[in-house]
> 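Supplied in structure tokens, the structure appears directly below.
Keep in mind that what you see is a predicted model, and the values were worked out from it rather than measured. Convention: sequence-line order gives letters A, B, ...; per-chain numbering from 1.
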Protein chains: 2
Amino acid sequence: MIRFVLAEDQGLVRGALAALLRLETDLQLVGEASDGEQAWRLLRDLKPDLLVTDIEMPGLTGLELAQRVQRHGLATRVVIVTTFGRAGYLRRALDAGVSGYLLKDAPAERLADALRTVHRGGRAIDPELAVEAWGESDPLTDRERQVLRLAGEGLGAQEIAEQLNLSHGTVRNYLSEAIGKLGVGNRIEAYRLAHQKGWL
Amino acid sequence: MIRFVLAEDQGLVRGALAALLRLETDLQLVGEASDGEQAWRLLRDLKPDLLVTDIEMPGLTGLELAQRVQRHGLATRVVIVTTFGRAGYLRRALDAGVSGYLLKDAPAERLADALRTVHRGGRAIDPELAVEAWGESDPLTDRERQVLRLAGEGLGAQEIAEQLNLSHGTVRNYLSEAIGKLGVGNRIEAYRLAHQKGWL
DNA sequence: CGGCGGTGGTGACAGCTGTCAGCCGCGCAG
DNA sequence: CTGCGCGGCTGACAGCTGTCACCACCGCCG
């Protein structure tokens with residue numbers, strides 16, 4: 001019997017996935033969480049075999065959750081289930097030691113199989129992503145990422161500088177750097193591209 | 001027996017929702033579609049009682065699907081199930097004659113009940129949105145929307161002007177108008193706000 | 001008819017953006 | 001120790017952005 005916890009913020013999707021997985025007789029859903037913090041508490045209390053989690057959730061993201069599992073040396077294996085086929089996400093997920101990474105686009109039958117594979121000690125990585133992931137890698141520095149994130153929210157150089165305790169000239173240099181590295185023409189395109197690649 | 005078709009592009013979510021709804025003995029899933037065109041064909045061929053659909057799908061969106069159902073006078077009632085609690089979406093959905101509008105955040109139990117309510121001739125609108133929807137309405141003109149959409153993709157005033165056959169000064173006037181109407185400080189914030197409200 | 005709103009335009013101005021060259025200080029490999 | 005790279009900063013410049021005032025045309029409502 002494979003004991004697992006399910007973390008997903010959208011109630012309807014969580015309920016639906018639960019229904020789907022309850023059809024499998026060798027899988028046992030021992031807990032559900034609608035945010036990262038709650039999921040973490042369940043992991044500590046229930047010590048399940050597997051965690052099935054989304055990435056984008058309030059509080060802790062699925063990636064951060066995976067990092068914690070790794071750092072605390074829990075035996076729980078992590079399977080990410082997400083909308084986003086961003087290479088950067090998979091990259092970070094693998095660094096955080098996750099055992100599975102599925103897209104919500106995948107056929108439903110794949111999920112249960114993936115959980116069994118992972119429980120046996122294997123890996124279940126969405127094949128299309130696997131190739132792409134080790135292609136282009138994030139060329140941005142930490143600072144460039146921070147600056148780009150804020151720029152994407154509509155802040156000006158001056159405002160970004162205040163938030164990061166930098167001079168506004170420095171902020172503009174970072175933006176210019178990022179724009180150049182990404183081969184685009186302005187901060188908006190740079191933000192969109194970096195976001196879409198999962199680098200933000 | 002309530003006969004329904006399910007349209008949702010994410011395979012995993014579709015499969016999971018199907019599993020959830022198959023647990024209900026008075027509901028019968030007669031067809032599944034992963035895009036709008038396919039859903040439309042199913043509607044014409046199967047004449048189901050209900051259509052349960054996402055909004056954002058390749059090909060035809062759920063909103064466009066609802067409009068077609070309305071224009072062709074099908075007896076099928078439409079229930080939208082979406083991630084986006086944007087007032088503008090609900091507004092357009094109601095204009096298109098949909099009978100239900102649920103958020104994926106909602107608890108899973110609500111879905112089956114909503115389908116029954118709608119089948120009985122009632123409506124099932126997510127309560128939080130219902131209030132909000134008739135509050136603030138889209139203050140933007142068509143031109144302002146067009147310009148904002150392009151600005152959001154990172155185009156400059158000059159480029160937008162070329163695409164729309166306007167002068168770059170006019171484009172800047174529209175952007176300034178939109179920024180003012182939305183009470184924000186620049187095009188990026190304006191785009192984000194309009195997008196988030198479902199006005200784009 | 002007059003007025004109003006949407007569309008399209010001009011010119012001017014201040015301020016922001018993107019680019020570049022160059023400077024400083026720190027830490028680390030040679 | 002010297003030199004290099006990196007993070008941070010500055011100043012200057014051209015070009016883009018946001019704002020404003022003002023003009024013209026159309027169509028529709030009262």
Side-chain angles (χ1 to χ4, degrees), chain A residues 88 91-92 95 136-197 199-200, chain B residues 87-88 91-92 95 134-200:
Chain A
R91 191 70 149 278
R92 269 187 276 163
D95 287 346
E136 37 189 343
S137 69
D138 185 352
L140 302 175
T141 66
D142 285 352
R143 279 306 202 189
E144 286 158 4
R145 258 191 296 278
Q146 285 176 39
V147 167
L148 220 41
R149 249 192 303 260
L150 294 172
E153 290 173 13
L155 303 193
Q158 189 57 63
E159 296 165 295
I160 296 172
E162 281 160 21
Q163 287 221 12
L164 300 181
N165 288 112
L166 294 174
S167 91
H168 84 122
T170 302
V171 168
R172 288 163 56 205
N173 285 338
Y174 284 137
L175 280 170
S176 184
E177 273 284 306
I179 290 167
K181 283 182 180 175
L182 300 180
V184 292
N186 59 47
R187 57 180 67 191
I188 307 179
E189 289 180 326
Y191 172 79
R192 288 172 64 92
L193 180 58
H195 182 74
Q196 179 228 316
K197 295 274 189 190
W199 293 338
L200 77 238
Chain B
R91 193 69 151 275
R92 271 187 273 164
D95 287 346
W134 298 105
E136 39 189 344
S137 68
D138 184 351
L140 302 175
T141 67
D142 285 353
R143 279 307 203 193
E144 286 159 2
R145 258 190 297 279
Q146 284 177 40
V147 167
L148 218 42
R149 247 192 305 260
L150 294 172
E153 290 173 14
L155 303 193
Q158 188 59 62
E159 296 165 296
I160 296 172
E162 281 159 21
Q163 286 220 14
L164 300 180
N165 288 114
L166 293 175
S167 92
H168 85 122
T170 302
V171 168
R172 287 165 55 205
N173 283 339
Y174 284 138
L175 281 170
S176 185
E177 273 285 305
I179 291 167
K181 282 182 181 175
L182 300 180
V184 294
N186 60 45
R187 57 180 67 190
I188 308 178
E189 289 179 327
Y191 172 80
R192 288 172 64 92
L193 180 58
H195 182 74
Q196 178 228 318
K197 295 276 187 187
W199 293 338
L200 74 238

> Considering only C:dT19, C:dT17, D:dT19, which nucleotide approaches the side chain of A:I179 most closely?
C:dT19
> With sequence neighbours excluded, tell me which residues meet side chain to side chain contact (heavy atoms under 4.5 Å, CB included) with A:E189.
A:V184, A:N186
> Where do A:I188 and B:R187 come nearest, in terms of heavy atoms and distance?
CD1-CD, 4.1 Å
> Side chains of B:Q146 and B:R149: any donor to acceptor distance under 3.5 Å?
no
> Just the rounded figure in Å: distance from P of D:dG5 to CD of A:E177.
14 Å
> Give the rounded distance in Å between these two atoms: CG of A:N186 and P of C:dC16.
18 Å
> Take atom CG of B:L155 and atom C1' of D:dT17, then tell me their distance rounded to the nearest Å.
15 Å
> Kindly indicate, with the supporting measurements, whether the criterion salt bridge (Lys or Arg N to Asp or Glu O under 4.0 Å) is fulfilled by A:D95 and A:R92.
CA-CA 5 Å; A:D95 287 346; A:R92 269 187 276 163; over 6 Å; no
> Round to a whole Å and report the spacing from CG of B:L175 to C1' of D:dC16.
12 Å
> Is there a salt bridge (Lys or Arg N to Asp or Glu O under 4.0 Å) between B:K181 and B:E144 once you walk through the steps?
CA-CA 10 Å; B:K181 282 182 181 175; B:E144 286 159 2; 2.9 Å; yes
> When the distance from CG of A:L164 to P of D:dC9 is rounded to whole Å, what number comes out?
10 Å
> What's the CD1-P distance between B:I188 and D:dC16, to the nearest Å?
16 Å
> At under 4.0 Å between heavy atoms, how does the protein contact nucleotides 3-11 of chain C? Give one character per nucleotide, 5' to 3', with B, S or -.
----SSBB-
> Report the distance from atom CZ of B:R187 to atom P of C:dC16, rounded to the nearest whole Å.
15 Å
> Pick from A:L155, A:V171, A:V147: which one makes a side-chain contact (heavy atoms from CB on, under 4.5 Å) with A:Q163?
A:L155
